[in-house]
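So the structure is just underneath, and the comments pick up after that.
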Amino acid sequence: MRALGRDRSMCAWDDFAQASIDARLSLEQARSGQIPPFLLLSVPGLSAGEHRVCSELWTRDRVAASRAERARLDFRFDLTIRDKLRVGYLSNDFHDHATAHLLIETLEANDRARCELHAFSFGADDRGLMRGRLNDAFDGFHDVTTLSDSAAASAVHAAQIDILVDLKGYTRGARTGILMLRPAPVQVNFLGYPGTLGGGICDYIITDPFMTPPAAAADYSESFAYMPHSYQPHGRAALGPPPSRAEAGLPDSAFVFCCFNQAYKLTPAVFDLWCRLLDAIPDSVLWLLASDQAEGNLRGEALRRGVAPGRLVFAPEMTQSEHLRRLQLADLVLDTAPYGAHTTASDALWAGVPVVSCAGDTFASRVAGSLLHAVGLPELIAADEADYLAVALTLAAEPDLLRAAKAKLQRNRLVAPLFDAPAYARSLQDLYDQMWLRCRSGAAAGPIWASRS
């Protein structure tokens, strides 16, 4: 399974086509725990239904093994009427991390008269500014880093959490074992993992109608909890003045195609399209996120496609504020597929840079499309690879059209729902209220829709 793992981070694509074959063969054999679900998200050609199969197989033995401990703990829940709902968030990313940057303004906008928020953190305390903001945003901050899954679940239960929201899924450092013990009466899959967890681990997944149309319900073990616009929260971080092109390592007059997605999301098919764009737009460059492992391979892949390797420019890691400053230098952001841009897409839109995306049928492939709908630019969502190339090429070749797209984004940015954290917080609260009412009434989880705020 090398083509699913380290080779992808290196953009070593010699065995790339084998990845889909190996993945499907493993799913057909229905053996438990063979493929981590996260690795499957970036494999082309797999459906959302196959992603669910992978998640179910990954958790099958662990869910079965957890039943005895769950029975021993025998958690009981108080379902009486209360003045405040108690919502817990489970993560190891409560520090300077993309998840925290996306969520912080929504947490800060929470109506504390209606909802009490608790963090259950199993990650390091970096003592940074974001950690301090998070501490202030939560009513209770519980460090469960050193606790076993059973002890952490007991801490959640002892805090009388009504709704436990998991922000990790199957991403690095996740502790789904806590969720398998069911320490809260309602459990929710949200934001951190772009897909289903399977195994009956969570009751709901927070989504939106573009991400998961009702017809996609069979591809998810969770019921859909629909936000009215995009499922992804985002705030309004300060945008400082952009640096000069020279400071960012960019040519002064070049058209700048940009993609700051991690290297494992890049595929040969998408890179083919990017190189065709570079060939079609003289003096253009492709601005990518720096990766010591991948840079040499990507320059070699460009050369094989007839593109001078020097037209690839690599941007170093930076703080969030510095990253948002430099993003404003990009002319057009190009999404990847099938694992598309998430935070990198909403950051680009906030910085005023249009994003071209091609949506598939998986959660991971539809995020940029959701964001574009919520910011009023659905015309930048391509129907297929040919359309993706055509949309990007048209914008790059016709300056008036690109200026019009940027002007529309600038007009929408401050009024569209995508960046309205207080309104997002109200809709999220409405979803939590509905989840709790269904639970108290004895109704099973089912699709719910937040009111538009």
Side-chain angles (χ1 to χ4, degrees), residues 11 95-102 104-105 128-130 232 234-266 270-271 274 277-278 281 283-295 298-299 302 309-336 340-357 367-368 371-372 375 377 380 392 395-396 399 402-403 405-410 412-414 418-419:
C11 294
H95 52 258
D96 188 11
H97 184 275
T99 298
H101 283 285
L102 286 177
I104 182 61
E105 292 187 33
L129 293 176
M130 178 56 72
Q232 190 193 91
H234 199 285
R236 297 185 176 188
L239 283 176
S244 68
R245 284 279 187 100
E247 288 174 309
L250 295 167
D252 284 338
S253 59
F255 187 95
V256 179
F257 294 108
C258 177
C259 180
F260 283 165
N261 291 358
Q262 295 288 333
Y264 68 84
K265 294 185 179 182
L266 276 58
V270 168
F271 199 73
W274 292 352
L277 288 168
L278 290 172
I281 305 298
D283 300 321
S284 61
V285 296
L286 178 60
W287 200 17
L288 302 172
L289 192 64
S291 168
D292 290 340
Q293 289 185 316
E295 286 179 23
L298 287 171
R299 291 192 192 279
R311 294 177 70 184
L312 274 56
V313 179
F314 291 93
E317 293 278 359
M318 285 186 169
T319 65
Q320 178 70 358
S321 59
E322 290 300 304
H323 171 64
L324 289 174
R325 287 184 63 231
R326 72 176 174 189
L327 252 180
Q328 299 170 77
L329 299 175
D331 291 303
L332 186 64
V333 165
L334 303 172
D335 199 8
T336 48
H342 295 185
T343 309
T344 51
S346 50
D347 282 349
L349 293 170
W350 177 241
V353 186
V355 177
V356 178
S357 184
V367 174
L371 303 174
L372 288 165
V375 82
L377 288 171
L380 300 187
L395 289 171
L402 182 61
R403 277 193 292 269
K406 287 188 173 184
K408 183 177 180 181
L409 177 55
Q410 289 291 354
N412 291 358
R413 204 168 56 93
L414 297 179
L418 183 59
F419 301 113

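Model, not experiment: these values are computed from the prediction.
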Test item: Q262 side-chain N/O and L289 main-chain N/O as donor-acceptor pair under 3.5 Å: no
Nearest-0.5 Å distance that lies between atom CH2 in W274 and atom CG in L298: 8.5 Å
Exercise: identify the closest heavy-atom pair between W287 and A330: CZ3-N, 4.0 Å
Working for side-chain contact (heavy atoms from CB on, under 4.5 Å), residues V353 and D347: CA-CA 9 Å; V353 186; D347 282 349; over 6 Å; no
Side-chain (Q410) to main-chain (K406) donor-acceptor, under 3.5 angstrom: no
Check: P309 main-chain N/O paired with R299 side-chain donor or acceptor under 3.5 Å: yes
D96 (side chain) donor-acceptor with M130 (main chain) under 3.5 angstrom: no
Point-to-point distance, once rounded to the nearest 0.5 Å, from CD1 of I104 to NE2 of H97: 14.5 Å
Closest contact, heavy atoms only, S346 versus L371: N-CD1, 3.6 Å
Approximate separation, where rounding is to 0.5 Å, of D252 CG and D283 CG: 12.0 Å
Which atom of A294 lies closest to which atom of C11, heavy atoms considered: CB-SG, 3.9 Å
Minimum heavy-atom distance D335-A341, with the two atoms named: OD1-N, 2.6 Å
Main-chain N/O of V256 paired to D331 side chain as donor or acceptor, under 3.5 Å: yes
CG-SG distance between L286 and C258, expressed to the nearest 0.5 angstrom: 8.0 Å
R413 side-chain N/O to G352 backbone N/O, donor-acceptor pair under 3.5 Å: no
Residue pair S244, E247: steps toward the side-chain hydrogen bond (donor to acceptor under 3.5 Å, both in side chains) verdict: CA-CA 5 Å; S244 68; E247 288 174 309; 3.3 Å; yes
Aromatic plane relationship, H234 with F419 - under 30° parallel, 30 to 60° tilted, over 60° perpendicular: perpendicular
Within-4.5 Å side-chain heavy-atom neighbours: L250 and L329: yes
Trace of the side-chain contact (heavy atoms from CB on, under 4.5 Å) decision for C259 with T336: CA-CA 8 Å; C259 180; T336 48; 3.9 Å; yes
Interatomic distance, F255 atom CZ to L395 atom CG [nearest 0.5 angstrom]: 7.5 Å
For L277 against A392, the heavy-atom pair lying closest together: CD1-CB, 3.8 Å
Candidate pair L327 and T344, rule side-chain contact (heavy atoms from CB on, under 4.5 Å), full reasoning: CA-CA 10 Å; L327 252 180; T344 51; over 6 Å; no
Nearest atoms (heavy-atom pairs only) where F257 meets A396: CZ-CB, 3.6 Å
L129 CG: over 12 foreign heavy atoms closer than 6.0 Å: no
Euclidean distance, H101 NE2 relative to T343 OG1, rounded to 0.5 Å: 9.5 Å
cation_pi(R236, W350) dist<6.0 Å, angle<=45: no
Polar side-chain atom of R311 near backbone of L278 as donor-acceptor pair, under 3.5 Å: yes
